[in-house]
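Scroll down for the structure; my scribbles are underneath it.
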Amino acid sequence: MVKNVTFLIISTDDIRMRTVGKVVNEVPSRNPYLLKKIFGINKERILIFALLLIPAIAAFIGTRPMPAQYILQGEMHPVKDLGVQGSVFFASVQTGIANNLLERWNVYSSENVSGGAIKFEPLAPDEVDSYLKDLTETDTLKYSAMQAVHAATELSVDSDTAGATATFSNLNKLEDARYAELLTHLQDLSGNSLGLMTGIGLYEEANNIDFSDGGRHKIAGSGTMEEYGDVGSVGGLEQKLLGAEAAKVDLFFVPADYEWYGEEGNEAEAARVQKEHGLKLRIIPVETLEDAIVYLKQLDWEEVHLE
């Protein structure tokens with residue numbers, strides 16, 4: 001027995017119901033102009049819609065919160081900028097926060113950073129406030145400077161340089177006065193990584209020494225100055241090393257912290273950066289200010305430049 005079956009058949013001209021007398025397996029053909037017929041959509045309208053949608057999507061992605069710390073290529077500053085009569089340089093980086101991809105692009109295209117390497121380090125939303133607080137705090141900077149004065153003073157008293165003991169005969173008063181004078185040059189700075197090089201510069205100043213041999217050699221570095229003259233780890237080391245290479249630095253001191261932090265520390269990071277970027281400068285890890293002073297006193301510059 002054949003049952004009557006009702007199909008919906010769509011033609012070009014109209015939509016109508018048609019009853020057939022038998023069951024068929026054919027699927028009614030689909031008309032390519034159905035959407036146009038029903039909704040009135042054509043290629044031109046689709047193109048316009050797409051052109052409007054693309055920038056809207058880009059704006060959404062570009063302004064979506066994705067906070068990251070940016071670090072620009074490092075710069076070398078003479079310790080003389082701090083009022084210290086030494087020949088060495090301390091490394092610094094410019095840093096800040098880009099809240100989304102659009103702000104990252106603005107950092108890239110800024111005239112102030114053109115040509116320099118930029119590094120972005122993602123921040124969790126709950127890290128942003130603490131990061132901004134760290135940018136403006138000065139307690140660690142003052143502490144590092146104070147320890148640099150103290151460590152350089154003690155090393156100078158113990159040294160055999162003529163006049164050193166006389167220069168620092170009244171240690172407490174001289175330390176306080178030198179520290180107070182140093183503070184006047186730190187007003188526009190933040191961070192504590194200048195401690196090591198400030199200590200070396202103060203030692204040069206107190207002992208009338210010029211480790212650069214009249215400016216023929218460029219010595220720089222980065223490291224905090226802690227109690228007992230210990231050198232502490234720093235941030236932004238990769239960018240500082242790249243900046244040092246660009247500034248034609250011969251010798252760069254870094255914290256010797258592998259024992260404490262392993263592959264996550266500055267010592268291991270410096271080795272990786274040197275290998276990855278083929279840096280020609282000599283990198284010297286030091287644990288204390290005294291280690292750096294002893295190294296510089298025994299240094300053979302001919303050997304350095306032959307490397």
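Contact annotation: the side chain of Met66 approaches that of Leu101 to within less than 4.5 Å [non-hydrogen atoms, C-beta and beyond]. Counting heavy atoms from C-beta outward, Leu182 and Val149 have side chains that approach closer than 4.5 Å. Between Ile284 and Val254 the shortest side-chain heavy-atom distance does not fall below 4.5 Å. Contact of the Lys142 side chain with the Tyr179 side chain is registered, since non-hydrogen atoms from C-beta on lie closer than 4.5 Å. Residues Ser156 and Tyr203 have side chains in contact (heavy-atom distance under 4.5 Å, counting atoms from C-beta outward).
For the residue pair Thr184/Glu181, the side-chain donor-acceptor check at 3.5 Å is not satisfied. Side chains of Ser233 and Asp257: a donor on one and an acceptor on the other come within 3.5 Å. A side-chain N or O of Glu226 and one of Thr224 form a donor-acceptor pair less than 3.5 Å apart. Side-chain contact of Thr95 with Tyr131: a donor-acceptor pair under 3.5 Å is present, judged by distance alone. Counted by atom type alone, Tyr70 and Glu103 present zero donor-acceptor pairs between their side chains at under 3.5 Å. Defined by atom type and a distance below 3.5 Å, a donor-acceptor pair is present between the side-chain atoms of Ser87 and Glu204.
By the criterion of side-chain heavy atoms lying less than 4.5 angstrom apart, applied directly or through intervening Ile, Leu, Val, Met, Phe, Trp or Tyr residues, Leu186 is grouped together with Leu202 in one hydrophobic cluster. Under the 4.5 Å side-chain heavy-atom criterion for Ile, Leu, Val, Met, Phe, Trp and Tyr, Val84 and Leu189 are members of the same hydrophobic cluster. Under the 4.5 Å side-chain heavy-atom criterion for Ile, Leu, Val, Met, Phe, Trp and Tyr, Leu82 and Val93 are members of distinct hydrophobic clusters. Taking hydrophobic clusters as Ile, Leu, Val, Met, Phe, Trp and Tyr residues chained together by side-chain heavy-atom distances below 4.5 Å, Leu242 does not share a cluster with Ile71. Tracing side-chain contacts under 4.5 Å through hydrophobic residues (I, L, V, M, F, W, Y), one reaches Met146 starting from Val231; they form part of the same cluster.
A donor-acceptor contact shorter than 3.5 Å links the side chain of Lys218 to the backbone of Ala247. Judged by distance alone, the side chain of Glu245 and the main-chain N or O of Lys280 form a donor-acceptor pair under 3.5 Å. A distance-only check finds a donor-acceptor pair linking the side chain of Glu137 to the backbone of Thr140 [under 3.5 Å]. The main-chain N or O of Leu237 is never found under 3.5 Å from a side-chain atom of Asn266 such that the two would form a donor-acceptor pair. Under a 3.5 Å cut-off, the side chain of Thr138 and the backbone N or O of Leu141 do not form any donor-acceptor pair. Between the side chain of Glu267 and the main chain of Glu263, no donor-acceptor pair closer than 3.5 Å is present. Between the side chain of Asn207 and the backbone N or O of Ile209, no donor-acceptor pair lies under 3.5 Å. Panel note: side chain Ser144, backbone Met225; a donor-acceptor pair is recorded below 3.5 Å.
Applying the 6.0 Å contact sphere to CZ of Arg64 captures no more than 12 heavy atoms from other residues, nucleotides or ligands. Around the CD atom of Glu287, the shell of radius 6.0 Å holds no more than 12 heavy atoms that belong to other residues, nucleotides or ligands.
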Donor-acceptor contacts under 3.5 Å from residues 117-130 side chains, at least two apart:
unit_1	atom_1	unit_2	atom_2	d
Lys119	NZ	Glu238	OE1	3.2
Glu127	OE1	Ala124	N	2.8
Ser130	OG	Glu127	O	2.9

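The structure places CG of Leu241 at 6.5 Å from CG of Leu281, a figure rounded to the nearest 0.5 Å. Interatomic distance, Asp291 CG to Leu196 CG, rounded to the nearest 0.5 Å: 10.0 Å. Atom CG of residue Leu289 and atom OG1 of residue Thr198 lie 10.0 Å apart, to the nearest 0.5 angstrom. Rounded to the nearest 0.5 angstrom, Met197 CE and Ile219 CD1 are separated by 7.0 Å. The distance from atom CD of Glu269 to atom NZ of Lys240, rounded to the nearest 0.5 Å, is 10.0 Å.
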Inset, instruction - Any chance you could lay out the side chain to side chain contact (heavy atoms under 4.5 Å, CB included) test for Phe89 and Val249, step after step, and finish with the verdict? - result: CA-CA 9 Å; Phe89 294 74; Val249 168; over 6 Å; no
Inset, instruction - Mind running side chain to side chain contact (heavy atoms under 4.5 Å, CB included) on Phe252 and Gln274 for me, showing each step along the way? - result: CA-CA 11 Å; Phe252 196 95; Gln274 184 167 44; over 6 Å; no
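Across all non-hydrogen atoms, the minimal contact from Gly262 to Ala268 is O-CB, 3.5 Å. Nearest approach of Leu72 to Gln239, heavy atoms of both residues: O-CB, 3.4 Å. When all heavy atoms of Gly195 and Ala148 are compared, the closest pair comes out as O-CB, 3.5 Å. Met76 approaches Gly243 most closely through the heavy-atom pair CE-C, 3.8 Å. Counting all heavy atoms, side chain and backbone alike, Ser193 lies closest to Ser222 at CB-OG, 3.4 Å.
For the side chain to side chain contact (heavy atoms under 4.5 Å, CB included) test with Phe211, the passing option among Leu251, Leu299, Ile293 is Ile293; the others fail.
Taking the salt bridge (charged side-chain N to carboxylate O under 4.0 Å, His left out) definition, one finds that Asp213 meets it with Arg216, sequence neighbours left out.
A perpendicular orientation is assigned to the rings of Tyr295 and Phe253, their planes being inclined by more than 60° (bins at 30° and 60°).
Look at Arg178 and Glu205 and you find a salt bridge, because one of the NZ, NE, NH1 or NH2 atoms lies within 4.0 Å of a carboxylate O, short of that distance.
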